[in-house]
Each structure stands twice: as structure tokens, then as C-alpha cells.
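Worksheet for the structure shown next.
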Amino acid sequence: MAKIMEEENENCEVKAIHKDIVEKVEKTMPKEEVVYDLSDFFKILGDTTRMKILSALFQEEMCVCDIAYLLKMTQSAISHQLRVLKQGRFVKYRKEGKVVYYSLEDDHIKHIVEQGMTHILEKR
């Protein structure tokens, strides 16, 4: 059984009850900047349009025009979302003449989304 701790945290009036558990967990916590980056990563995934674009790119490399047509949106709206995805390192692009083609940056994104989809569908 864990020890009961009555010391107060300087920043809070809450008392740690199980100091040994708190210390053990504290050693494994990611650094603050990593937590912020991870939070930003999931914020990018938190947009339905970006999720639709990623779902399309899971299947095929596509140009902006084709993605816009598929999603029944303007090229401008798609370009904006692709810019966010590119800045977050979710997608990469290549140019062929005047046409820009987008694809996944790597398979990590697909695996993460597939895991989320499995979780969602499991609850239905």
C-alpha cells in the first residue's frame, strides 16, 4: 500500500496522497515542449476537412483540383488545408509541370488515423 503524504505542493493546496506513485510517474512524463507538440499534432487532426483530405491521400497521391472535386470544395479551401497539413509534416508534395501532387509524408499518419478509426468503430 502506498504511503500517505501530507506535504503540500508549493503551487497548489492539493496534497499528494501517494508520493511514491507521483514520483514514479513524474520520471516518465514527457518534456513540456513534447507535450505541446503532441497537442498541436492532434489539433491538426481535429478538423473534418483535413481528415477527409488525409483519407483521400491514404488511397492515392492527388492534386489540389482532384481533391477539391472529390470533396466538393473550392481549390482555395483545399489549398489552405493542405498548407496546414504540410506545415505539420502530414503531407508532402511534388510538382509535375504546373500541377502539384500531394501524398502522405510517411505511413505514421495512416497508422495513427487507422488506430483512431478502429477505436471509433469498436464502440458502434
Side-chain angles (χ1 to χ4, degrees):
M1 187 164 150
K3 298 176 190 174
I4 295 179
M5 158 117 181
E6 293 189 9
E7 292 178 27
E8 287 189 6
N9 183 322
E10 293 176 11
N11 299 326
C12 188
E13 294 178 14
V14 176
K15 297 178 183 179
I17 297 175
H18 304 96
K19 185 178 179 185
D20 54 338
I21 292 172
V22 171
E23 289 173 351
K24 177 183 171 187
V25 171
E26 187 175 44
K27 290 176 186 175
T28 65
M29 293 289 288
K31 293 182 179 180
E32 200 72 21
E33 62 268 12
V34 173
V35 173
Y36 286 124
D37 290 346
L38 186 60
S39 177
D40 288 343
F41 174 87
F42 282 105
K43 284 178 188 174
I44 292 171
L45 289 177
D47 179 90
T48 54
T49 299
R50 290 192 287 265
M51 286 302 303
K52 288 176 184 178
I53 291 169
L54 288 172
S55 294
L57 296 178
F58 291 162
Q59 307 302 314
E60 292 287 338
E61 173 184 71
M62 296 179 76
C63 69
V64 175
C65 294
D66 290 343
I67 296 169
Y69 182 81
L70 174 70
L71 301 183
K72 298 172 181 53
M73 296 178 69
T74 65
Q75 290 179 27
S76 175
I78 296 300
S79 291
H80 171 74
Q81 297 302 338
L82 284 166
R83 192 169 25 262
V84 172
L85 290 168
K86 190 171 61 170
Q87 289 171 344
R89 297 188 352 238
F90 285 74
V91 299
K92 61 185 176 184
Y93 69 95
R94 68 175 181 86
K95 289 185 177 184
E96 193 172 295
K98 292 184 178 184
V99 181
V100 179
Y101 293 92
Y102 288 86
S103 60
L104 295 180
E105 178 74 30
D106 56 46
D107 283 340
H108 292 120
I109 304 305
K110 187 173 183 179
H111 295 303
I112 291 165
V113 172
E114 285 173 346
Q115 286 295 309
M117 188 68 77
T118 298
H119 179 73
I120 297 300
L121 295 176
E122 185 177 275
K123 304 296 178 192
R124 291 184 179 240

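Model, not experiment: these values are computed from the prediction.
- Considering only heavy atoms from C-beta on, R50 stays 4.5 Å or farther from L45 through its side chain.
- One finds the CD atom of Q75 at 8.0 Å from the SG atom of C63 (value rounded to the nearest 0.5 Å).
- For E33, the CD atom counts as densely surrounded, since its 6.0 Å shell holds more than 12 non-hydrogen atoms of other residues, nucleotides or ligands.
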Step-by-step side-chain contact (heavy atoms from CB on, under 4.5 Å) determination, H80 to T49: CA-CA 10 Å; H80 171 74; T49 299; over 6 Å; no

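- Taking NZ of K110 as the reference point, atom CE of M117 lies at 11.5 Å (rounded to 0.5 Å).
- Both M51 and F42 are assigned to one and the same hydrophobic cluster, defined by single-linkage of ILVMFWY side chains at heavy-atom distances under 4.5 Å.
- Residues L70 and V91 share a single hydrophobic cluster, defined by chaining ILVMFWY side chains whose heavy atoms lie under 4.5 Å apart.
- Note that CD of E60 is 11.0 Å distant from OG of S103, once rounded to the nearest 0.5 Å.
- Judged purely by atom type and a 3.5 angstrom limit, T118 uses its side chain to pair as donor or acceptor with the backbone of E114.
- Between Y102 and Y93, the ring planes are tilted. Angles from 30° to 60° get that label.
- Separation of atoms CD (E105) and CG (L57) is listed at 12.0 Å; rounding is to 0.5 Å.
- In the hydrophobic cluster analysis, where Ile, Leu, Val, Met, Phe, Trp and Tyr join through side-chain heavy atoms closer than 4.5 angstrom, I44 is grouped together with L71.
- Residue I109 is grouped with residue L38 when hydrophobic side chains (ILVMFWY) are merged at heavy-atom distances under 4.5 angstrom, including chains of intermediate members.
- Considering I78, I53, I67 as possible partners of M73, the one that fulfils the side chain to side chain contact (heavy atoms under 4.5 Å, CB included) test is I78.
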Verdict with supporting geometry, V100 and K95, side-chain contact (heavy atoms from CB on, under 4.5 Å): CA-CA 4 Å; V100 179; K95 289 185 177 184; 3.9 Å; yes

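- For F58, the CZ atom is densely surrounded, since the number of other residues' heavy atoms within 6.0 Å is greater than 12.
- Looking at heavy atoms from C-beta onward, F41 lies in side-chain contact with I112 at the 4.5 angstrom threshold.
- Taking CG from D37 and CD from E32, the interatomic distance works out to 11.0 Å, rounded to the nearest 0.5 Å.
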